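I have placed the structure first, in the form of structure tokens, so that the comments after it can refer back to it.
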Protein chains: 2
Amino acid sequence: MKANLEDIARAAGVSKMTVSRVLRGGSGFSAETRDKVTKVAETLGYVPNRLAAAFGSDQASTLVGMCVPRLTSGLFGHVLDGVDRALTRLGYQLMIGANSHSAAEEEAWIRQVISWRPAGLILSGRTHTPGTVDLLRQAASPVVEIWDLTTSPIDMSVGFSHFDCGAEMGQFLIRRGRRRAGYVGALARADVMGAARQEGFETTLSRAGHPLIAREVLHDAPGFYAGYYGLETLLGREPKLDVVYFHNDEMAIGGLAYAQSRGLRVPEDIGIAGWGGMEAASILPRRLTTTVVPTTAIGKAAAEALVARLKGEPGQEVTVVPTRLVPGETG
Amino acid sequence: MKANLEDIARAAGVSKMTVSRVLRGGSGFSAETRDKVTKVAETLGYVPNRLAAAFGSDQASTLVGMCVPRLTSGLFGHVLDGVDRALTRLGYQLMIGANSHSAAEEEAWIRQVISWRPAGLILSGRTHTPGTVDLLRQAASPVVEIWDLTTSPIDMSVGFSHFDCGAEMGQFLIRRGRRRAGYVGALARADVMGAARQEGFETTLSRAGHPLIAREVLHDAPGFYAGYYGLETLLGREPKLDVVYFHNDEMAIGGLAYAQSRGLRVPEDIGIAGWGGMEAASILPRRLTTTVVPTTAIGKAAAEALVARLKGEPGQEVTVVPTRLVPGETG
DNA sequence: TGCGTCAGGTTTACCGGTAACGTATCAAAA
DNA sequence: TTTTGATACGTTACCGGTAAACCTGACGCA
């Protein structure tokens with residue numbers, strides 16, 4: 001990587017600073033200077049050095065850090081995609097990390113990213129260690145917390161209420177005539193969001209006078225198998241459930257598979273409801289009753305809120321991105 | 001972010017350079033100096049500045065860039081996960097981007113990342129623009145190409161042969177007595193890998209004396225819907241197929257759904273085979289016949305090969321990570 | 001006693017940008 | 001004609017580290 005601003009300056013017969021201004025598209029130079037400089041830069045194969053730029057002025061960083069619970073999650077893949085597209089379009093670069101649903105791992109990751117002096121950060125969830133909060137306050141760079149709405153965000157927040165998701169599904173199932181509901185969840189480490197949905201679900205059922213009959217929360221990854229065996233366990237304890245709400249769609253599909261293997265008719269004998277809106281759920285023989293989460297939109301909104309703040313535009317502190325309950329044929 | 005090396009140096013009564021050496025764990029200082037410096041650094045809440053470090057010396061960068069076709073792909077999510085875990089463990093940071101299967105977008109992304117002077121790059125696929133190759137040669141930083149094995153990698157390569165995947169599946173299906181095979185693919189933009197599998201599949205069938213009867217390659221995203229309607233189209237043209245090989249598992253599951261909706265028995269009336277080894281495929285009522293791809297292992301191997309090179313250890317140029325054909329109950 | 005050696009530092013010179021500020025030029029206004 | 005202001009550019013001082021050269025006192029040894 002040989003050519004730098006000075007080389008161009010020498011070759012174009014102007015000063016370093018003029019080259020810098022031209023290449024950054026500022027002002028303070030004549031049209032002919034601009035043409036000469038851009039031509040020389042091209043012939044020399046100049047590649048800008050953001051390291052130097054960000055180092056020289058803390059305003060110049062175009063680096064955004066983002067931390068998600070798991071990189072293998074379909075939902076977060078779409079969130080990442082939304083963030084990535086928006087940031088790319090706006091001229092920012094994305095540094096990522098995963099924290100396995102652990103606030104301590106998140107802090108460790110933030111400690112690494114902060115050392116690159118990023119322009120801003122996007123974090124998933126609202127649970128942070130005190131150390132994390134300290135670090136963020138000290139760094140004073142904009143932070144967007146996504147996924148769950150925070151009552152008091154560190155800085156900005158984009159997402160929806162998991163409690164409300166559960167509550168809405170509870171109301172829906174009651175309206176459909178369900179009276180004996182169960183819940184199957186999973187918490188790999190500690191997925192607080194799932195717990196919030198469960199709480200919303202149970203609260204609503206109780207208020208409606210038909211409280212939850214049985215619940216089973218596995219200490220396992222929330223996948224197909226957990227749903228399959230979770231429903232088996234639940235029905236072993238309480239055979240007369242008329243509907244089961246699952247932690248997410250993967251688990252619901254697992255539950256669906258178990259119900260079919262037992263010869264149970266869905267939705268006649270038992271209803272099945274999931275959460276998340278994964279693609280597979282819509283092409284099942286019977287379309288899954290679920291809550292569709294606007295993953296890409298959340299990512300996009302988060303990135304845009306962050307960049308707006310960086311550009312000094314007054315952005316919203318809290319952005320609500322609504323979910324949508326999709327009735328389907330299993331609930 | 002207030003405390004820097006000089007602040008610590010002043011407070012500890014030593015020089016900046018001594019602080020730098022202590023904090024980076026070098027040598028050339030006494031134990032009491034070390035203790036004093038680390039204590040002062042802690043009380044001042046010092047956060048290292050990698051920007052300055054990487055800027056000051058090009059060896060000091062711990063930044064690795066990685067470009068994948070799509071962030072929403074389940075398979076690449078796992079590859080990313082493998083890379084992320086390995087790099088985190090080894091003390092590197094990961095900058096990502098997506099190129100939508102487009103070599104031009106890849107070049108644009110590389111141009112951005114190169115400007116951060118990364119220690120190394122991980123790219124997906126072997127198709128690059130001439131501009132990309134130029135850039136990489138000029139930057140002279142290590143590059144690992146993953147996913148498909150390259151005959152002549154730019155630098156290093158980790159993956160497997162897509163052609164062989166298709167060929168192996170062809171052999172397997174022939175052994176199972178299939179004689180009238182079809183293929184359903186998809187190319188959002190241009191997925192060259194899928195084409196390689198198709199080629200391996202067709203070549204093997206021809207050599208075995210039972211060439212492919214029909215193929216349908218949709219200009220669509222390779223998902224459930226594409227598989228569903230792809231099989232519909234294919235069977236509309238050639239009703240007497242006895243097996244269909246799909247671009248990937250999502251599409252195969254879509255095909256499975258179509259077969260069931262038509263009342264076709266699987267595998268008796270028609271066999272279904274996929275590729276990729278997605279989790280859902282193993283919990284279907286009938287486990288899908290597919291090729292399991294060691295996604296996480298590829299990511300891990302790529303990261304480790306890169307870091308080995310960075311540390312000057314002699315690494316392998318080409319690492320083969322074998323795939324595994326899983327018979328299942330649909331083929 | 002003189003000299004080399006070595007651990008344990010310090011000093012200095014960058015790295016490649018950006019920001020702040022200074023200055024030359026020239027046209028319009030007074 | 002002089003003053004003013006805008007424009008276009010040059011100069012210089014950093015930013016926070018790293019590398020390498022350079023000290024310095026203690027110690028060993030001939």
Side-chain angles (χ1 to χ4, degrees), chain A residues 1-38 40-41 44-63 112 114-119 138-139 141, chain B residues 1-38 40-41 44-63 112 114-119 138-139 141:
Chain A
M1 203 67 64
K2 36 183 186 298
N4 60 20
L5 281 196
E6 193 150 9
D7 297 333
I8 298 172
R10 217 180 356 252
V14 297
S15 79
K16 227 169 74 161
M17 194 53 215
T18 302
V19 178
S20 169
R21 279 196 283 248
V22 169
L23 294 183
R24 275 186 301 151
S27 63
F29 46 81
S30 63
E32 58 182 334
T33 303
R34 169 170 40 76
D35 295 345
K36 194 168 51 183
V37 167
T38 49
V40 170
L44 290 183
Y46 174 73
V47 176
N49 188 336
R50 269 184 220 283
L51 219 48
F55 173 65
S57 107
D58 38 355
Q59 267 96 281
S61 175
T62 57
L63 180 60
Q112 298 296 321
I114 286 278
S115 73
W116 287 97
R117 304 294 187 268
Q138 199 186 124
S141 55
Chain B
M1 203 66 65
K2 37 181 185 298
N4 58 22
L5 282 196
E6 193 148 12
D7 297 333
I8 297 173
R10 217 178 357 251
V14 296
S15 78
K16 225 169 74 162
M17 196 53 221
T18 301
V19 177
S20 170
R21 277 197 286 251
V22 168
L23 294 183
R24 276 185 300 151
S27 63
F29 45 80
S30 62
E32 59 181 335
T33 302
R34 166 167 43 76
D35 295 345
K36 195 168 50 185
V37 167
T38 48
V40 170
L44 289 184
Y46 174 71
V47 177
N49 187 334
R50 270 183 220 283
L51 219 49
F55 173 65
S57 106
D58 38 355
Q59 266 96 282
S61 176
T62 57
L63 179 61
Q112 297 296 321
I114 285 279
S115 73
W116 288 98
R117 304 293 188 267
Q138 199 185 126
S141 56

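Quantities reported herein were computed from a predicted structural model and do not represent experimental measurements. Residue numbers begin at 1 in each chain, while the letters A, B, ... track the order of the sequences.
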### Task
Using heavy atoms to find the nearest nucleotide of DNA chain C for B/Met17 and A/Gly56 separately, return the residue whose nucleotide is more 5′.
B/Met17
## Note on the structure
With the side chain defined as heavy atoms from C-beta on, A/Ser15 is closest, among C/dT18, D/dT18, D/dT11, to D/dT11
### Message
Rounding to an integer number of Å, can you tell me how far A/Glu6 CD sits from C/dG17 P?
### Response
10 Å
### Task
Find the distance B/Asn4:CG to D/dC14:P and express it as a whole number of Å.
14 Å
### Message
Can you identify which nucleotide, out of D/dC9, C/dG16, C/dT10, has its nearest atom closest to the B/Val14 side chain?
### Response
C/dT10
### Query
Taking for each residue the nucleotide of DNA chain C with the nearest heavy atom, is it B/Glu32 or B/Ala52 whose nucleotide lies nearer the 5' end?
B/Glu32
### Task
Look at the side-chain N and O atoms of A/Thr18 and state whether any lies under 4.0 Å from the OP1 or OP2 oxygen of D/dC9.
no
### Query
OP1 or OP2 of C/dG17 sitting under 4.0 Å from any side-chain N/O of A/Ser57?
no
### Task
Measure from the side chain of A/Phe55, starting at C-beta and using heavy atoms only, and say which of D/dG16, C/dA19, C/dT10 lies closest.
D/dG16
### Inter-residue atom distance A/Ser15.OG - A/Glu6.CD, 0.5 Å rounding
10.0 Å
### Message
When you measure only distances, ignoring hydrogens and angles, does the side chain of A/Lys16 come within 3.5 Å of the base of D/dG10 through a donor and an acceptor?
### Response
no
### Task
Remember a base hit wins even if backbone is also touched, and classify B/Ala60 as base, sugar-phosphate or nothing at under 4.0 Å, heavy atoms.
nothing
### Message
It should be established whether B/Ser30 places a side-chain nitrogen or oxygen under 4.0 Å from OP1 or OP2 of nucleotide C/dG9.
### Response
yes
## Note on the structure
Of A/Leu5, A/Val37, A/Ile8, the one forming a side chain to side chain contact (heavy atoms under 4.5 Å, CB included) with A/Ser20 is A/Leu5
## Note on the structure
To the nearest angstrom, the CZ-C1' distance between A/Arg50 and C/dT18 comes to 14 Å
### Query
Do you know which two heavy atoms are closest between B/Ser61 and B/Arg117, and how far apart they sit?
OG-O, 3.5 Å
### Task
Round to the nearest Å and state the distance from B/Tyr46 atom OH to D/dG16 atom P.
10 Å
## Note on the structure
Separation of C/dG16 atom C1' from A/Ile8 atom CD1, nearest Å, is 12 Å
### Task
Indicate whether the side chain of B/Thr38 and that of B/Arg34 have a donor and an acceptor atom separated by less than 3.5 Å.
no
### Message
Is the phosphate of D/dC9 approached by A/Arg21 (side-chain N or O, under 4.0 Å from OP1 or OP2)?
### Response
no
#### Entry: Gap between atoms CG and P, on A/Leu51 and C/dT18 respectively (whole Å)
12 Å
### Task
Measure from CG on B/Leu5 to C1' on D/dT18 and round the result to the nearest Å.
10 Å
### Query
Does the side chain of A/Asn49 get closer than 4.0 angstrom to OP1 or OP2 of C/dG16 through an N or O atom?
no
### Query
Just how far, in rounded Å, is P of C/dG8 from NZ of B/Lys36?
14 Å
### Task
Find the distance between CG (A/Leu23) and OG1 (A/Thr18) and round it off to the nearest 0.5 Å.
10.5 Å
